[in-house]
Amino acid sequence: AFTWEDARVDERLLKLGPDDKVLAITSAGDNILSYLAQSPARVHAVDLNPTQNHLLELKAAAYTALPYEDFWKIFGDGKHSNFRELLVSNLSPHLSSRAFQFWLDNVHVFQNASVYGLYDTGGSRHAIRVFRWVARLFGLQTAVKQLLTAKTLNEQREIWRQKIRPALLSKLVCNLVVAQESFLWTALGVPKNQLAMIEADHAESDLVKGDKPKAKNTRSHAIWHYMVNTLDPVAEETHIADDNSYYYVCMAGKFSRKCHPEYLRPETHAKLSRPRALDGLRIHTDELEEVIARITPGTLTVAVVMDSMDWFDTGSQAAAQQVTKLNRALAMGGRVMLRSSALSPWYLKVFEGHGFTTKRHGGRIDGACI
């Protein structure tokens, strides 16, 4: 129901301009809309899951047809008591027939939600519900509320260190829940190949191979340290109440007026609600490779493939085939931005073998916050 990739990092790295033609995975559509706000010539949103594209269509239609307050209720709060009427009267002319029918069948997501709305749906709801379960089990509801209203980073750090971290990062929670392959896939969208990459990095780390090993070479240890290296820097270095919407929504079940993604800013709504502001958007419900193959050769300037290549079997020809098609579709100087659970994913060699230069812009190393 929301995108994990940081739109501000994307903007800083990509610096999109009016001549850029972008292809990106839709996911929840948040970053697609952030790209459009930068006014590139074209944005191709691709997702094999039609539901994700229906959500992007709904967001795009809401820019066009709804004032900001209604837009905020639907996607900021995740709930709107009048959603069905808005869908039929205002949004329907701007939706494809399939997207309209989907949301008509799922009005309850927004309209009948007693506590949580949009952000208690999709696969991510399982992870969010586990967090709420841990909070109840360890009596942390008050601590979570304090964290979400902490005025300073120092105040947040204290709450994290003293109250939330000991429970959330306990070996009990890790072993019973998080390290289970079924949970990693269902709740966090981590496929077996990506899990193997996390385990392989752990096996080669100083924690296991250093002069004074501190961890065993097991899955539960690998996942626990991955969680620590992810969550500790977030809690220690980013102010969640003001400036980390990705974690705020997981804990609060909604966004706040102070803390929300770029696409929910009033300025973004004002820009993308203008006539023809979304003319450059193309939505494809298809496999990434199929869409790349249909792009006119040498016309794409940016491809954002998120962590999709982590799904390939190590050494498989699928990576080479996709890189070849990307190379064909991209103009000279074109860029591919990817993310990976691995520090040095094996398929970077495939990119280099096809004429690309690779550069890592962030890594989960030595507690770095990414």
Side-chain angles (χ1 to χ4, degrees), residues 1-9 27-28 30-31 34 68-69 71-81 109-110 113-170 173-174 177-178 187-188 226-269 367 369-370:
F2 60 96
T3 302
W4 269 107
E5 285 74 14
D6 193 322
R8 289 180 298 183
V9 172
S27 191
D30 306 358
N31 287 22
S34 296
Y68 180 72
E69 283 307 310
F71 186 86
W72 173 264
K73 285 180 183 177
I74 295 172
F75 303 113
D77 294 333
K79 296 184 286 188
H80 197 304
S81 58
V109 167
F110 300 101
S114 55
V115 182
Y116 300 101
L118 176 64
Y119 301 111
D120 194 45
T121 64
S124 54
R125 77 183 184 277
H126 301 295
I128 291 170
R129 286 175 182 178
V130 164
F131 175 78
R132 291 204 294 265
W133 171 77
V134 170
R136 284 196 301 273
L137 184 67
F138 289 90
L140 297 175
Q141 289 103 320
T142 301
V144 170
K145 288 178 183 176
Q146 289 171 343
L147 190 83
L148 293 176
T149 54
K151 295 283 193 293
T152 66
L153 196 51
N154 278 337
E155 185 183 342
Q156 175 182 293
R157 288 170 181 153
E158 284 302 306
I159 298 165
W160 170 252
R161 292 171 190 169
Q162 301 299 323
K163 298 176 181 177
I164 297 177
R165 189 188 192 279
L168 190 62
L169 292 181
S170 68
V173 172
C174 183
V177 183
V178 182
L188 302 178
Y226 192 86
M227 285 173 63
V228 168
N229 289 336
T230 301
L231 299 178
D232 267 345
V234 165
E236 297 283 345
E237 304 298 332
T238 72
H239 192 194
I240 294 172
D242 282 355
D243 202 37
N244 197 327
S245 61
Y246 305 95
Y247 286 83
Y248 187 97
V249 72
C250 289
M251 290 190 274
K254 60 181 180 179
F255 296 109
S256 77
R257 298 282 181 161
K258 280 204 300 186
C259 191
H260 51 73
E262 298 291 293
Y263 85 93
L264 276 167
R265 294 172 65 221
E267 298 87 347
T268 306
H269 180 272
C369 184
I370 57 168

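Numbers for residues simply follow the sequence, beginning at 1. No hydrogens, no waters, no symmetry mates; every other heavy atom, side chains included, goes into these values. Since the model is a prediction, treat every value here as computed from it, not as a measurement.
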Task: Any residue meeting side-chain contact (heavy atoms from CB on, under 4.5 Å) with Asp243, in chain and number order, not counting sequence neighbours - done: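 With neighbours one apart ignored, the set is Arg8.
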Open item on the list: Can you list everything that forms a side-chain contact (heavy atoms from CB on, under 4.5 Å) with Leu264? Sequence neighbours excluded, please.
Closed with: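 Checked Leu264 against side-chain contact (heavy atoms from CB on, under 4.5 Å); matches are Phe71, Trp72, Phe75, Phe255, His260, Pro261.
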Open item on the list: So that I can tick it off, tell me whether Lys254 and Asp77 are bridged by a salt bridge, with the cut-off set at under 4.0 angstrom between side-chain N and carboxylate O.
Closed with: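 No, no charged N to carboxylate O under 4.0 Å.
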TODO: If a pair satisfies salt bridge (charged side-chain N to carboxylate O under 4.0 Å, His left out) and one of its residues is in residues 129-140, list it, with sequence neighbours excluded.
DONE: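 Sorted pair list: Asp120-Arg129, Asp120-Arg132.
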For a quick test of reading the model, state the closest non-hydrogen atom pair linking [X] to [Y] and the distance between them.
X: Ser256; Y: Ala241; result: OG-O, 4.3 Å
X: Tyr119; Y: Gly78; result: CE1-CA, 4.0 Å
X: Glu262; Y: Ser34; result: CB-OG, 3.6 Å
X: Tyr116; Y: Ala252; result: CE2-O, 3.9 Å
X: His239; Y: Lys151; result: CE1-O, 3.3 Å

Open item on the list: So, using side chain to side chain donor-acceptor pair (under 3.5 Å) as the criterion, who are the partners of Ser81 when residues are at least two apart?
Closed with: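 None.
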Task: By ring pair (Phe, Tyr, Trp, His ring centres under 6.0 Å) - contacts of Phe131 (at least two apart) - done: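 So Phe131 forms no ring pair (Phe, Tyr, Trp, His ring centres under 6.0 Å) with any residue.
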From [X] [atom1] over to [Y] [atom2], what is the distance, rounded to the nearest 0.5 angstrom?
X: Leu153; Y: Glu236; atom1: CG; atom2: CD; value: 7.5 Å
X: Asp6; Y: Asn31; atom1: CG; atom2: CG; value: 8.0 Å
X: Ile128; Y: His126; atom1: CD1; atom2: NE2; value: 10.5 Å
X: Ile74; Y: Phe110; atom1: CD1; atom2: CZ; value: 6.5 Å
X: Cys369; Y: Asn244; atom1: SG; atom2: CG; value: 7.5 Å

Between [X] and [Y] (side chain of the first, backbone of the second, donor and acceptor by atom type, cut-off under 3.5 Å), is there such a pair?
X: Thr3; Y: Glu5; value: no
X: Gln156; Y: Thr238; value: yes
X: Thr121; Y: Gly117; value: no

Task: Between Tyr247 and Trp4, ring centroids under 6.0 Å - done: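 When the ring centroids of Tyr247 and Trp4 are compared, they turn out to be within the sub-6.0 Å range.
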Give every donor-acceptor pair under 3.5 Å between a side-chain atom in residues 140-150 and any protein atom, sequence neighbours left out.
| from | atom 1 | to | atom 2 | distance (Å) |
| --- | --- | --- | --- | --- |
| Gln146 | OE1 | Lys163 | NZ | 3.0 |
| Thr149 | OG1 | Lys145 | O | 2.9 |
| Thr149 | OG1 | Gln146 | O | 3.3 |

Open item on the list: side chain to side chain contact (heavy atoms under 4.5 Å, CB included), that's the test. Do Asp232 and Trp160 meet it? Break it down for me.
Closed with: CA-CA 9 Å; Asp232 267 345; Trp160 170 252; 3.0 Å; yes
- [ ] State, with a plain yes or no, whether a side-chain heavy atom of Val228 is found less than 4.5 Å away from one of Arg165.
- [x]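 Side chain of Val228 against side chain of Arg165, heavy atoms only: contact under 4.5 Å found.
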TODO: Show your working on side chain to side chain contact (heavy atoms under 4.5 Å, CB included) between Cys250 and Phe2 and close with a plain yes or no.
DONE: CA-CA 10 Å; Cys250 289; Phe2 60 96; 3.6 Å; yes
